[in-house]
Number of protein chains: 2
Amino acid sequence: MAALQLFAQEGYHATSTSKVARAAGVSEGLIFRHFKNKEGLMQAILDEGESRFKSLFADIVLETEPKEVIRKTITILHKVDVSEYDFWKLQFKLKWELEINGDKKMEPLKMALVHAFSKLAYESPEQEADLLLVFIDGIASAMLKGSQLDADKLIPFLLKKYDL
Amino acid sequence: MAALQLFAQEGYHATSTSKVARAAGVSEGLIFRHFKNKEGLMQAILDEGESRFKSLFADIVLETEPKEVIRKTITILHKVDVSEYDFWKLQFKLKWELEINGDKKMEPLKMALVHAFSKLAYESPEQEADLLLVFIDGIASAMLKGSQLDADKLIPFLLKKYDL
DNA sequence: AACAATTAAGTAAGTACTCACGTTTAATAA
DNA sequence: TTATTAAACGTGAGTACTTACTTAATTGTT
């Protein structure tokens, strides 16, 4: 649905069900028939987010070559298309607005990274993994917020730091 | 004011002026006398945020020793007290909810970092600065969101990476 | 008395949500 | 093929309540 766009632009609480209905070109009642709640509508979007997260990570988690795990993690942002920005922006926005903890979704990725850094004999694999994840999250945030940050220079720069 | 706490907990749009008034123990009308708008109330909080940002950075920007600039940047989070978490959480929350660009506030810090990395003969001072700022922002975000992330291990780990 | 600080009681517009009603779809019975 | 039927789809007007904001009256201070 195109309701997503509204949520992404204005946020959850600022987007009324009547606005969503108008934007989607349907009656307001239909939303409640279909999703029961405003919360249900949002939950549907959140669920979609979780599955997109998983398919984004799938490629990395299955990788066995440790250097590839790291390389794919750093370049993961290249795998999301500009047309999906609204969607991802909403995911980040909701994490703040509704205080949803996103740690759980990242856990498989973190484990893969810890494993990879261990194999490469890094001194503190867990910290290395945390650091890299903070970085990915940070760049994604900056991009989606429309920051000035030049991700296209930063990502190659990072790859170099990890000898990739 | 203690209105801040409400904004920080629930967000801007989810916090009504009547709630704020009740929490602050004053009449609702007084808020509008004093701040004119709900937006004015928030702007006051935002302004306070900007000044706290500045005083937090002041120490770093004035530093001449390049290594100290980097060290102080990494350990800047140690300078904010737990009692101020609500305040900072709100600043981060509003950046997402109201799409406020925070780049400008960071610019003096970034310039200090670029300068420091240049003096230390790093290859890409600007990228180094960006990277470090993304880290700081990311760690702060994680802490304020109540993530599991162990910042007390990550910060010393980072210091080590920069030979500090 | 004069003047600012504060309030209680409004207001119109919006909010999430319900419900009685019509319409389309699709499977079965003739 | 048609006719019947039942569910799913969809609507629009209504609900009780909340929203940001106003204003006339009341309080406190000098």
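To find a chain, count down the sequence lines: A is the first, B the second, and so on, and within it residues start at 1.
With the nearest nucleotide of DNA chain C identified for both E28(B) and S16(A), E28(B) has the one nearer the 5' end. Each of R33(A) and H13(A) was matched to the nucleotide of DNA chain C holding its nearest heavy atom; the match closer to the 5' end belongs to H13(A).
S27(A) has no side-chain polar atom (N or O) that falls below the 4.0 Å cut-off from OP1 or OP2 of dG10(D). Between N37(B) and dC21(D), a side-chain N or O to OP1/OP2 separation shorter than 4.0 Å is present.
Two residues are said to be in side-chain contact when any heavy atoms from C-beta on lie closer than 4.5 Å; E48(B) and F87(B) meet this criterion.
A perpendicular orientation is assigned to the rings of W88(B) and F53(B), their planes being inclined by more than 60° (bins at 30° and 60°).
We find that E128(B) and K161(A) are joined by a salt bridge, their nearest charged nitrogen and carboxylate oxygen being less than 4.0 Å apart. For the pair R52(B) and E84(B), the salt-bridge criterion is met [side-chain N within less than 4.0 Å of a carboxylate O]. With salt bridges taken as basic N to acidic carboxylate O contacts below 4.0 Å, none links R71(A) and E65(A).
Across every non-hydrogen atom of I155(A) and T75(A), the tightest pair is CG2-CG2, 4.3 Å.
A straight line from NZ of K38(B) to P of dT22(D) spans 15 Å, rounded to a whole angstrom. Look at CD on E10(B): it is 11 Å from P on dT19(D), rounded to the nearest Å. Separating the CD1 atom of I31(A) from the P atom of dG12(D) is a distance of 13 Å, rounded to the nearest angstrom.
At a threshold of 4.0 angstrom between heavy atoms, the contacts of T17(B) include nucleobase atoms, whether or not backbone atoms are also involved.
Of the candidate nucleotides dA20(D), dT19(D), dT11(D), dA20(D) has the atom lying nearest to any side-chain atom of F32(B).
Along DNA chain C, read 5' to 3', the first and last nucleotides having any atom under 4.0 Å from a heavy atom of chain B are dT6(C) to dT7(C).
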